[in-house]
Amino acid sequence: MVRVTLLAMRHWLLKSEPAVFGFNDLVRVGREPWNGVRNYQARNFLREMRAGDLCLFYHSGARPTGVAGVARVAREAYPDDLQFGLGGPYFDPKSTPEAPRWSMVDVEPVLAFPGVVTLETLRTLPEWQDSPLTRKGTRLSVLPVTPEQFLAALEAAGLSPEDLESD
DNA sequence: GCCAACGTTGGC
DNA sequence: GCCAACGTTGGC
């Protein structure tokens with residue numbers, strides 16, 4: 001039994017376009033490297049993640065936009081292999097295997113929300129008034145979430161922390 | 001070190 | 001498809 005202790009870990013929000021890779025895709029594959037992050041602030045957050053940290057899986061560029069489920073960090077930061085993919089969209093000529101510039105983590109699905117908790121809903125929650133997500137003009141694709149924000153999102157989905165516990 | 005140009009993100 | 005906001009690049 002894994003007891004989820006919300007205060008003992010950090011929480012995050014990961015954005016993804018469901019037309020490219022949605023929460024259902026994560027459920028289907030079981031585990032996925034979170035690669036392709038090419039923003040330094042987002043990269044630094046990836047590097048702060050610890051195994052077991054819980055992440056809100058956010059659908060951007062979707063109808064509606066919002067949180068579709070909860071994922072868990074399965075492997076802590078390691079070099080993003082796409083930065084060495086010559087000719088690929090995430091190739092970085094300034095990066096070397098000796099000094100990799102970009103990192104990725106592995107994530108796995110924990111729980112799909114019964115319905116998407118929309119951005120519109122999040123904006124109504126007191127806990128979410130001060131977040132890079134709801135602040136205008138912020139485009140961070142990886143951002144920290146407070147335990148209160150995480151809990152509020154869970155509750156808005158009609159769930160409780162007990163729903164995250166697994167054997 | 002400044003800053004204009006450009007590319008990207010992401011809501012609508 | 002539009003466009004506001006932002007990060008990055010590169011000339012100087």
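Per chain, numbering begins at 1; letters A, B, ... match sequence-line order. What you see below is based on every heavy atom in this structure, not just the backbone, and it leaves out hydrogens, waters and symmetry mates.
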Atom-pair distance ([atom1] on [X]; [atom2] on [N]), nearest Å:
| X | N | atom1 | atom2 | value |
| --- | --- | --- | --- | --- |
| A:L133 | C:dC6 | CG | P | 15 Å |
| A:R135 | C:dC6 | CZ | P | 10 Å |
| A:R139 | B:dG10 | CZ | C1' | 9 Å |
| A:Y90 | B:dT9 | OH | C1' | 12 Å |
| A:D92 | C:dT9 | CG | C1' | 13 Å |
| A:R38 | C:dC6 | CZ | P | 23 Å |
| A:Q41 | B:dT8 | CD | C1' | 16 Å |

Run the ring-centre check on A:W12 versus A:Y58 and record whether the distance is less than 6.0 Å.
no
Report yes or no: does [X] contribute a side-chain atom to a donor-acceptor pair with the main-chain N or O of [Y] at less than 3.5 Å?
| X | Y | value |
| --- | --- | --- |
| A:K15 | A:L140 | yes |
| A:S95 | A:R101 | yes |
| A:Q83 | A:W102 | yes |

Nearest to the side chain of [X], which nucleotide is it out of [options]?
| X | options | answer |
| --- | --- | --- |
| A:Y40 | C:dT9, C:dT8, B:dG11 | C:dT8 |
| A:K15 | C:dT8, B:dG10, B:dT8 | B:dG10 |
| A:L119 | B:dC12, C:dT9, B:dT8 | B:dC12 |
| A:R123 | B:dG11, C:dT9, B:dG10 | B:dG11 |
| A:S141 | B:dG11, B:dG10, C:dG7 | B:dG10 |

Should A:Y58 be listed as having a side-chain N or O under 4.0 Å from OP1 or OP2 of B:dT9?
no
So, is A:K136 close to the C:dA4 phosphate, meaning a side-chain N or O under 4.0 Å from OP1 or OP2?
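Checking A:K136 against C:dA4: no side-chain N or O falls below 4.0 Å of OP1 or OP2.
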Looking at every strand, decide which applies to A:L140 at a 4.0 Å heavy-atom threshold: base, sugar-phosphate, or nothing.
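Sugar-phosphate only.
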Using a strict cut-off of less than 4.0 Å between a Lys/Arg side-chain nitrogen and an Asp/Glu carboxylate oxygen, indicate whether A:D53 and A:R10 qualify as a salt bridge.
no
